[in-house]
Amino acid sequence: MKITTTIPQLPLIIVFLLLLVPLITLFSLSYQAAESSVSKTRPDNDLIIRPGYATYESYLTRQLQKTLNPKLRQIWATRDWDRKVEVFSLFFLSLQKAHLLFNHSKALCVGARVGQEVAALKRVGVSDSVGIDLVPYPPLVVHGDFHSQPFDDGRFDFEFSNVFDHALFPEKFVGEIERTLKPGGVCVLHVLISKRADKYSANDLFSVKPLIKLFKQSEVVHVKNIDGFGLDTEVVFRKKLKL
Ligand SMILES: *[C@@H]1O[C@H](CO)[C@@H](O)[C@H](O)[C@H]1NC(C)=O
């Protein structure tokens with residue numbers, strides 16, 4: 001009796017074990033594939049648009065919340081002003097020394113808030129300089145959306161921005177800079193790579209690779225680490241003379 005009950009069970013256990021081995025192998029292989037596909041696609045995913053903007057209007061409203069925040073504006077225009085203008089002046093002087101910026105350059109600051117960068121440009125002798133932002137701050141900053149700059153093609157020799165993380169459409173942000181730059185014009189971006197930016201940011205950048213890819217009409221002049229008001233990386237592009 002014992003024999004007849006255990007014999008039919010034995011092959012069952014063997015069959016079960018034989019099935020289990022390939023199943024485990026398959027599972028671990030597909031797990032590895034999923035892992036490696038994540039790491040493989042990572043370079044292309046180094047620029048991530050934050051979810052949660054149903055419409056362009058809701059995005060603009062959120063951006064305006066920061067730009068129009070009376071407390072922030074007060075700080076930008078007073079307590080923050082001298083220190084920022086001083087630091088930006090030294091930065092623009094170094095660009096002049098490197099022959100990336102000249103007194104005769106027509107210069108634009110993209111997303112300039114209350115225009116500290118513009119004031120610094122004027123201080124170091126770049127008199128034909130202006131900023132754009134969603135909220136104007138005359139006379140230094142005029143109204144303009146960086147996704148659709150209010151300027152003709154080839155207007156500027158130099159553009160600076162430290163608000164790339166606020167772009168909901170990074171390809172438009174970069175496309176507009178390249179459109180309004182003259183051939184041979186210089187674009188300097190200060191970005192944050194090592195950490196996540198603030199709650200008003202519309203994208204997160206994990207390396208300079210996607211940025212370089214977006215500048216289709218330009219060459220990279222240099223990439224370097226900086227300590228720039230919470231931003232850690234400077235990327236300088238020059239628009240090609242011939243496209
Ligand atoms: C640029 O302008 C500044 C400020 O007016 C002046 O000190 C500097 O000498 C000028 N640089 C050149 C190269 O002309």
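Numbering of ligands and ligand atoms starts at 1, following listing order.
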| With sequence neighbours left out, which residue pairs that include part of residues 127-138 fulfil the side-chain hydrogen bond (donor to acceptor under 3.5 Å, both in side chains) condition? |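 Every side-chain hydrogen bond (donor to acceptor under 3.5 Å, both in side chains) pair that includes a residue of residues 127-138, provided the two are not neighbours, is Lys106-Asp128.
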| task | Would you please say whether a donor-acceptor pair under 3.5 Å links the side chains of Asp157 and Ser105? | result | no
| field | Whether over 12 other heavy atoms sit under 6.0 Å from Asp152 CG | value | no
| CG on Asn225 to CD on Glu234, rounded to 0.5 Å | 10.0 Å
| Can you list the residues that meet the ring pair (Phe, Tyr, Trp, His ring centres under 6.0 Å) rule with Phe146, with sequence neighbours excluded? | Phe173
| Under a 4.0 Å heavy-atom cut-off, which residues neighbour ligand 1? |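 Residue list for ligand 1: Asn103, Val124, Gly125.
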| task | Could you work out the complete set of other residues in the hydrophobic cluster of Leu192, with links drawn between I, L, V, M, F, W and Y side chains under 4.5 Å apart? | result | Leu231
